Amino acid sequence: MIANQLDKAYEPHEVERRWYAYWEENQLFAAKEESPQPSYSIVIPPPNVTGVLHMGHALNNTLQDILCRYRRLRGDNVLWMPGTDHAGIATQNVVEKKLAAEGKDRHQLGRGKFIEAVWQWRAQYGSAIINQLKRLGASCDWRRERFTMDEGLSRAVRQVFVQLYEEGLIYRGDYIINWCHRCHTALADLEVEHEEHAGHLYHIRYPFPDGSGGIVVATTRPETMLGDTAVAVHPDDERYQKIGAQTVILPLMDKEIPIIRDSYVDMSFGTGGLKVTPAHDPNDFEIGLRHNLPRVKVIGDDGRMTSEAGRFQGLDRFRCREEVVQALKQENLLEKVEPYQHSVGHCYRCKTVIEPNLSRQWFVKVKPLAEKAIDAVKTGQTVIIPAMWANTYFDWMHNIRDWCISRQIWWGHQIPAWTCEGCDEIIVAMEAPAVCPFCKGHNLEQETDVLDTWFSSALWPFSTMGWPDGTPLLQKFYPTSVLVTGFDILFFWVARMMMMGIHFMGDVPFKDVYVHALVRDEEGQKMSKSKGNVIDPLTIIERYGTDAFRFTLAAFAAQGRDIKMSAKRVEGYRHFINKVWNAARFSLMHLDRGYQAIQSERLSLPDRWILSRLHQVTAAVSEALDSYRFNDAASELYKFVWHEFCDWYLEAIKPVLYEKEDPGHKEATLGVLWRVLRDTLALLHPFIPFVTEEIWHQLPGTNGSIMTAAYPSAGTDAARIAADKDAEAQMALLIGIISGIRNIRGEMDIAPSRSLAVTIQTHHANLRETVEGQRNLIINLARLESLTVGDHMERPKSSATVIVDGATIFVRLAGIIDFTKEWERLEKELNKLAADLATVSRKLDNADFLSKAPAQVVAKVRAQQTRLLEKQRKLQVNLERLKEAET
RNA sequence: AGGCACGUAGCUCAGGGGGAGAGCGCUACCCUGACACGGUAGAAGUCCCGAGUUCAAAUCUCGGCGUGCCUACCA
């Protein structure tokens, strides 16, 4: 025996560093533009450049890596396109914070210097998340890494903007948008998070001009009343049919505003009177359009009341609310204040309360784009998996509203639009125009706004591949094979990529969209910094190794269910990695003496059995991965490696390997062992790339990286590895017999060191043959001193009985235990049998079952009954004899 | 308000019309020449509740209850 080359326990850290460097140096992640192999491509959901790796990234990228490594093994030419997102608002916030710590702000620096500072920040910290992805084992083609602010991608952004503008799909206008006062920018509807909030509903009376009565309106935001330009009632509302007045007085402002009639008003809400603030409410804005109302903006972009707010000018919006309420009380116009639950919008970046505000912004007209994106999923050009997400997608797409794409920040793609100071016309162009095409003026001012970050990420699947140039990369890898993402960005990102891809490439951006779950904490709570329940993937990797972590993620990635993550669960799978390691360690001890190709004519039963199982598992794993059932693939492998390969095959072949018996079979067995280990490593590699690569290099007969290995069943001797039902059935019998004997040993408290004498009686010649043929296997694994097999064997005196299939097994117990235990054991077994028989008999006594159930099912139940009755009879006989003999 | 998902062993979850499963945990025994990050055996479940369809329901349908999430222009 040659000394072990492998440590007793797997130590991941050094191994991970070594092999990742090796993969990169040898360019094993590289996609080839010119390869004749089938293409397989994935674009990474680009993490924010400010980001640090969290559980969501870990899951997302582990799944992508599993797919990419799997497809490479299958021989595909794989492109996994990596990169990061410039994350406009988030990044600007980070850099502004850094400046603030130095006592500066961006306005002191000015736009140019500020952007320079952001680029500097990016150079210094921007690769953090990329390095973390590498720790995870991500096999991206790093040479092609992209950034949404790169020159190439920026050019794509400008091109798209110009074309959409020319097609009339981008326009600028004054509308109500969501305004974040802290970020000082407009936000898209999607970027507003709604949260239930316990507020108040204020009922305010707007008196008629003569000072009498008036109309009572209700609002949750009383400060907006300062900008009211009408009061609306429903045209059919009888309460307001015969009021004489045409106007009311707007309290606190002493302004006369009209009473209008609009069917938008809900008569059943409150008094049926609605205050209309076109500049601060989206619905009121629409009403304002219909009735030609003036728009009075009372809340400024800085969150303070404007000069239009009269004496409240300069007050903070929330302070103003209090003051308005006070003033109304004093004037006796506040009829009632009641507690009220309503949802309040917050900025998704900084959680500040959003104000609907009138503002001039740029919009994309999405309806025409959305229609095609809907069709693409309806017709199956793109398949969303699991299918339930398709409904969510359709729902959102059908109700989609125009997309506000301008942001009042500095970090991002500046909108390629110029205003001519001379004639006020807007010029939209790829590059800065020298003269105004309308008036030939030279004073052109570029739009200061930048584009929503999602505008550039919407182009990601083709901009990263070189669009608008028709590159070889695009031709080879667009559309991509699959997009792997979380449902939280289904709308933000997936839907928009669909729209842009179809519009600009004339084809969907991906064939499949696999939507995975969210990673939560142990209690199912969303992980968040404020809750303090965040588990850092890097800590997990440090503690348990990347492979254990990846396998955990895959094993828990069941479709449609969130993943509850805890260190404990990863620990469990670290044991599995160690099991793989030790199984390999054991195998290598024997294989380093040499091995040979499988000789089918010389295979033992365990050999045939494990090859058959390998064949089935290979098919099951491929099928699971092809349909994105990662957890099924992982559990197939787990069960196969641990409970078949280790528990039974390795144990079964030990006597052969140690040359205790069948010396002629050793070579054949080594051939099988080698092959099963080789194939199993390849099957495992996509999930646990590091440990498999490490073992691979210890395994004789392999060349280079496991990444270049042939996927199991693709080899030339594939025919030798096939399903073998006969071997599986025989092995099942042997496992049953051995487990039965072990069960007696366990129940009777017989020490493992004590060898047992066993007699097996069966009338079935084929069973006898199997048992005789494998007597050494049984003797070794059940620890027997003797084994007798026969057709008409007498039950030996003082023995325990167990029945497996058609065989009765007697374990001699004379002098070992007291027999009341065996009585109890047999009686327990008989009780269980009686219960099973009752269920079966109930079916067979039912005439409807016999006439209506499929014949196959009836036959199966009959066979079951026969088997149970037979077993019951044998056990009863044995119980009787036990009583006769021992009492 | 609408929609989606989920409810199976103490915990985490597979399964998905015909004999209730896995991992972890638990109990007992065992350091047997790969592995104590291990081995062998065992205990443990009204498959949330109720009705319906069916010869047959944990599984399909409907209705409850509970949990989570998403969407919405709920003054």
Side-chain angles (χ1 to χ4, degrees), chain A residues 1 4 6 8-10 176 189 194 201-202 217-221 224 232 264-266 269-270 273-277 281-286 340-343 356 386 388-389 391-392 395-396 399 401 487-488 490-491 518 520 522 524-526 544 548 555-556 558 560-566 568-569 571-590 631-632 635 638-639 642-643 646-647 650-651 654 658 739 742-747 749-753 781 783 836 839-840 842-843 846-854 856-858 860-861 864 868:
Chain A
M1 187 77 33
N4 295 341
L6 269 53
K8 190 169 167 182
Y10 176 61
I176 293 280
D189 296 338
H194 293 274
L201 190 61
Y202 302 87
V217 300
T219 179
T220 54
R221 295 183 299 152
T224 62
Y264 167 78
V265 180
D266 178 2
F269 191 92
L274 172 71
K275 64 190 272 309
V276 183
T277 326
D281 184 281
N283 296 311
D284 295 5
F285 179 83
E286 295 294 325
Y340 192 69
Q341 279 280 337
H342 63 126
S343 82
M388 62 172 181
W389 291 109
N391 291 328
T392 314
D395 226 48
W396 190 74
N399 298 314
R401 302 200 305 170
F487 60 81
D488 46 337
L490 192 62
F491 306 140
L518 236 55
R520 298 170 178 281
E522 228 170 331
Q525 301 276 319
K526 212 166 165 172
Y544 303 108
F556 280 103
R561 196 191 274 263
D562 285 346
I563 297 177
K564 291 183 195 167
M565 178 54 63
S566 79
K568 200 96 195 277
R569 278 158 213 159
E571 194 180 343
Y573 286 102
R574 181 183 62 170
H575 298 171
F576 175 66
I577 305 299
N578 195 53
K579 191 74 180 177
V580 171
W581 178 255
N582 273 291
R585 195 163 77 106
F586 171 78
S587 305
L588 290 171
M589 281 178 189
H590 300 280
N631 59 319
D632 286 347
S635 93
Y638 186 99
K639 283 189 286 194
W642 203 312
H643 299 303
C646 290
D647 286 354
L650 291 185
E651 294 305 327
K654 272 178 182 175
Y658 289 123
S739 299
R742 283 171 174 175
N743 171 276
I744 288 173
R745 191 190 280 281
E747 300 255 304
D749 282 336
I750 303 166
S753 52
L781 296 185
R783 287 185 168 257
D836 288 350
T839 333
V840 170
R842 210 174 319 127
K843 285 184 187 177
N846 184 344
D848 282 335
F849 173 74
L850 296 176
S851 61
K852 291 183 182 168
Q856 258 184 325
V857 174
V858 176
K860 202 172 148 192
V861 175
Q864 201 181 338
L868 290 172

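Since the model is a prediction, treat every value here as computed from it, not as a measurement. Scope of the values below: all heavy atoms of this structure, side chains included, with no hydrogens, waters or symmetry mates.
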How far, in whole Å, is [M] from [N] if one measures between their [atom1] atoms?
{"N": "B:U53", "M": "B:U61", "atom1": "P", "answer": "15 Å"}
{"N": "B:U59", "M": "B:U54", "atom1": "C1'", "answer": "13 Å"}
{"N": "B:G10", "M": "B:C49", "atom1": "P", "answer": "14 Å"}
{"N": "B:G25", "M": "B:A44", "atom1": "C1'", "answer": "12 Å"}
{"N": "B:C37", "M": "B:G23", "atom1": "C1'", "answer": "14 Å"}
{"N": "B:U8", "M": "B:U40", "atom1": "P", "answer": "29 Å"}
{"N": "B:C65", "M": "B:A72", "atom1": "P", "answer": "26 Å"}
{"N": "B:A75", "M": "B:G63", "atom1": "P", "answer": "29 Å"}

Reading 5' to 3' through nucleotides 51-58 of chain B, protein heavy-atom contacts under 4.0 Å coded B for base, S for sugar-phosphate only, - for none: ----B---
Once you round it to whole Å, what is the distance between [atom2] of [N] and [atom1] of [X]?
{"X": "A:L868", "N": "B:G18", "atom1": "CG", "atom2": "C1'", "answer": "15 Å"}
{"X": "A:D395", "N": "B:C69", "atom1": "CG", "atom2": "P", "answer": "19 Å"}
{"X": "A:R569", "N": "B:U12", "atom1": "CZ", "atom2": "C1'", "answer": "5 Å"}
{"X": "A:E651", "N": "B:U32", "atom1": "CD", "atom2": "P", "answer": "12 Å"}
{"X": "A:Y10", "N": "B:C35", "atom1": "OH", "atom2": "P", "answer": "18 Å"}

Residues A:K564 and A:S566: side-chain donor-acceptor under 3.5 angstrom: no
Is [X] near enough to [N] that one of its side-chain N or O atoms lies under 4.0 angstrom from OP1 or OP2?
{"X": "A:K568", "N": "B:G23", "result": "no"}
{"X": "A:H643", "N": "B:A22", "result": "no"}
{"X": "A:N578", "N": "B:G38", "result": "no"}
{"X": "A:K579", "N": "B:C37", "result": "no"}
{"X": "A:R574", "N": "B:C37", "result": "no"}

Select base, sugar-phosphate, or nothing to describe what [X] touches, counting heavy atoms under 4.0 Å on all strands.
{"X": "A:D266", "result": "base"}
{"X": "A:F491", "result": "sugar-phosphate"}
{"X": "A:V861", "result": "nothing"}

Along RNA chain B (nearest heavy atom to each residue), the more 5'-positioned of A:A9 and A:W396: A:A9
The side chain of [X] lies closest to which of these nucleotides: [options]?
{"X": "A:R783", "options": "B:C35, B:U32, B:G39", "value": "B:U32"}
{"X": "A:S739", "options": "B:C37, B:A41, B:A75", "value": "B:A41"}
{"X": "A:Y638", "options": "B:C74, B:C24, B:C37", "value": "B:C24"}

Over 12 foreign heavy atoms within 6.0 Å of CD, A:Q856: no
For B:C6, the Watson-Crick or wobble partner whose two distances fall under 3.5 Å: B:G66
Run the side-chain donor-acceptor check on residues 571-579 of chain A: report pairs under 3.5 Å with partners two or more places apart or on a different chain.
| unit_1 | atom_1 | unit_2 | atom_2 | d |
| --- | --- | --- | --- | --- |
| A:N578 | OD1 | A:Y10 | N | 3.2 |

Contacts of A:D284 that satisfy salt bridge (Lys or Arg N to Asp or Glu O under 4.0 Å) - sequence neighbours left out: none
